[in-house]
Amino acid sequence: MTATRVADAFGGGPSAIRRASMGAPSDAINLALGEPGWPLPDAAREALTRVAEADGRLPYGPNTGLPDLVEAVAAFCSTTSSAHSWGSRTDRARLTSDQVMVTAGSQAALFALFQAHVEPGSAVLVPDPGFVTYPQLARVCGADPITYPLAPNGDLDAEALVEVLGRTRHTGLVVLNHPANPTGGVASPSALAAVAEACARVGAVLVSDEVYRELWVDARPAGLHEVAGVEAGVVLGSTSKAFGAPGLRVGWAAGPAELLAPARLVHNAMTTAPARPSQQAALALLGAADEVLTEAREHVRTRWHLATGDPICPDRGPGLSPPGTRSARAGIYLWLPLPEGAGDDEAFALRLRDEGGVTTVPGSAFGARGRGHLRVSLGGPLDELEEGLRRLAPWWER
Ligand SMILES: Cc1ncc(COP(=O)(O)O)c(C=O)c1O
């Protein structure tokens with residue numbers, strides 16, 4: 001890889017997301033960060049304490065991850081995939097250990113999968129607007145990121161994706177993200193099935209980034225494996241969002257063993273293995289998943305109610321989100337159209353920050369089709385969110 005390729009992949013200078021925060025007034029409320037703002041669950045805290053208090057060595061872990069953690073991820077993914085009956089996939093067998101890759105965050109899983117499966121000169125289909133890492137990783141591989149649009153409400157639009165796939169040559173990999181960053185959109189079972197079928201037809205590796213899936217408010221969103229089976233592609237999960245532990249840096253990829261095997265080599269070369277204390281904390285989190293995820297969903301539900309107007313306590317929130325545009329509330333992002341006459345989204349985000357005292361991310365940071373929007377993170381501490389939303393509301397009322 002040349003230095004030029006890296007420069008091309010990441011662009012010169014700080015990213016738009018960085019620019020949104022750089023130089024913010026010290027009293028600005030930060031609603032730009034995409035991470036949970038509630039405390040690390042006790043299960044993880046106690047596991048980390050046990051590691052700190054244990055006598056003796058802290059060895060490298062096995063390259064393939066701590067066996068108990070791999071088992072726990074396999075069980076978690078199998079349970080979550082079979083717990084709901086989307087079509088005929090409720091009888092799925094449990095994942096085997098070679099169908100799980102434990103990684104240093106799902107970010108490292110993405111990196112390893114791209115390096116393993118994306119050839120220079122090929123195409124990678126990525127959502128626009130979408131998580132900024134996807135096109136960067138495609139360019140790092142010397143491939144072309146080709147964007148596909150989402151539905152107007154931010155959900156996956158399978159027809160649009162399949163149309164782009166049909167006219168793009170040499171597509172090596174297709175990325176889905178649902179619930180989505182930044183739009184919060186979800187994917188219907190039929191959309192997932194259609195995309196899986198189209199990818200299989202052209203031999204493209206399908207990666208379904210489902211790191212926000214457990215953070216739902218209205219109904220649990222569909223997942224690729226439960227709709228189309230494990231052979232349909234690789235599903236990404238993480239302890240960073242619903243498990244409330246982004247600093248652990250533990251994530252995973254679940255999918256066909258033959259797709260994970262080469263990615264595992266890349267991941268091992270990059271990290272040797274995820275940090276052992278983090279893996280032990282992740283194991284504890286998965287062991288307490290029912291409790292941890294129920295609590296996380298309560299945190300998210302409270303935040304959504306605050307942001308979109310709580311029917312139970314209507315005086316609590318400014319109700320910024322345009323009603324009726326979402327198919328389901330999930331994830332931690334509010335995707336707001338700018339008020340009329342607001343002009344350029346990056347300039348508007350800077351005004352909101354410097355004059356309004358709230359840092360948000362301009363939609364164009366996530367791709368050209370994100371223009372005219374702002375991403376507001378609901379993830380942070382509740383008091384900050386409440387104050388931040390109070391400061392934002394008048395800008396939509398002018
Ligand atoms: C859509 C999406 N995928 C993956 C990641 C990476 O998460 P992690 O590496 O913490 O698991 C993020 C982080 O913000 C994200 O928003």
Side-chain angles (χ1 to χ4, degrees), residues 15-18 20-21 30-37 40 44 65 69 73 76-77 100-114 124-138 145 147 150 154-156 173-187 206-216 221 223-224 233-254 263 267 270-271 274-275 278-279 281-282 285-286 296 300 330-335 361 363 365-367 370 375-380:
S15 68
I17 296 183
R18 269 292 223 41
S21 302
N30 193 337
L31 301 186
L33 293 177
E35 58 183 335
L40 179 69
L69 178 56
V73 171
F76 178 73
C77 294
V100 171
M101 174 172 73
V102 173
T103 56
S106 60
Q107 188 88 10
L110 281 166
F111 180 86
L113 287 161
F114 272 66
V124 175
L125 263 53
V126 300
D128 177 5
F131 184 43
V132 294
T133 294
Y134 308 140
Q136 290 171 345
L137 289 180
T147 64
L150 301 173
D155 285 356
L156 175 64
L173 196 141
V174 173
V175 190
L176 305 180
N177 176 215
H178 55 106
N181 175 9
T183 67
V186 294
L206 179 57
V207 173
S208 184
D209 182 340
E210 301 181 6
V211 298
Y212 294 99
R213 185 174 173 213
E214 297 302 328
L215 290 176
W216 49 267
L224 176 69
V234 179
V235 169
L236 302 184
S238 179
T239 60
S240 298
K241 312 294 180 183
F243 286 96
L248 285 184
R249 310 307 304 127
V250 175
W252 54 83
H267 188 263
M270 181 172 52
T271 66
S278 291
Q279 290 192 71
L285 284 170
L286 284 164
V300 167
I332 52 173
Y333 302 115
L334 205 54
W335 183 239
V361 184
F366 303 96
R375 188 192 78 174
V376 175
S377 173
L378 306 179

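Both counts, for ligands and for their atoms, begin at 1 and track the order of listing. Start at 1 with the first residue, then count along the sequence. Predicted, not measured: the structure shown is a model, and the values here were computed from it.
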Practice problem: Take W216 and V186 through the test side chain to side chain contact (heavy atoms under 4.5 Å, CB included) and record every step on the way to the result. | Solution: CA-CA 10 Å; W216 49 267; V186 294; over 6 Å; no
Quiz item: Quick one: does R213's side chain have a donor or acceptor within less than 3.5 Å of a partner on P221's backbone?
Solution: yes
Quiz item: Got a sec, which residues hit side chain to side chain donor-acceptor pair (under 3.5 Å) with Q107, two or more places apart in sequence or on another chain?
Solution: T133
Quiz item: Which parts of the protein, at residue level, reach under 4.0 Å of ligand 1 through a heavy atom?
Solution: G105, S106, Q107, F131, Y134, N177, N181, D209, V211, Y212, S238, S240, K241, R249
Practice problem: Would you confirm whether the ring centroid of F76 sits within less than 6.0 angstrom of the ring centroid of F243? | Solution: yes
Quiz item: Hey, does the side chain of E210 reach the backbone of L224 with a donor-acceptor pair shorter than 3.5 angstrom?
Solution: yes
Quiz item: Less than 4.5 Å apart, any side-chain heavy atom of L286 and any of W252?
Solution: yes
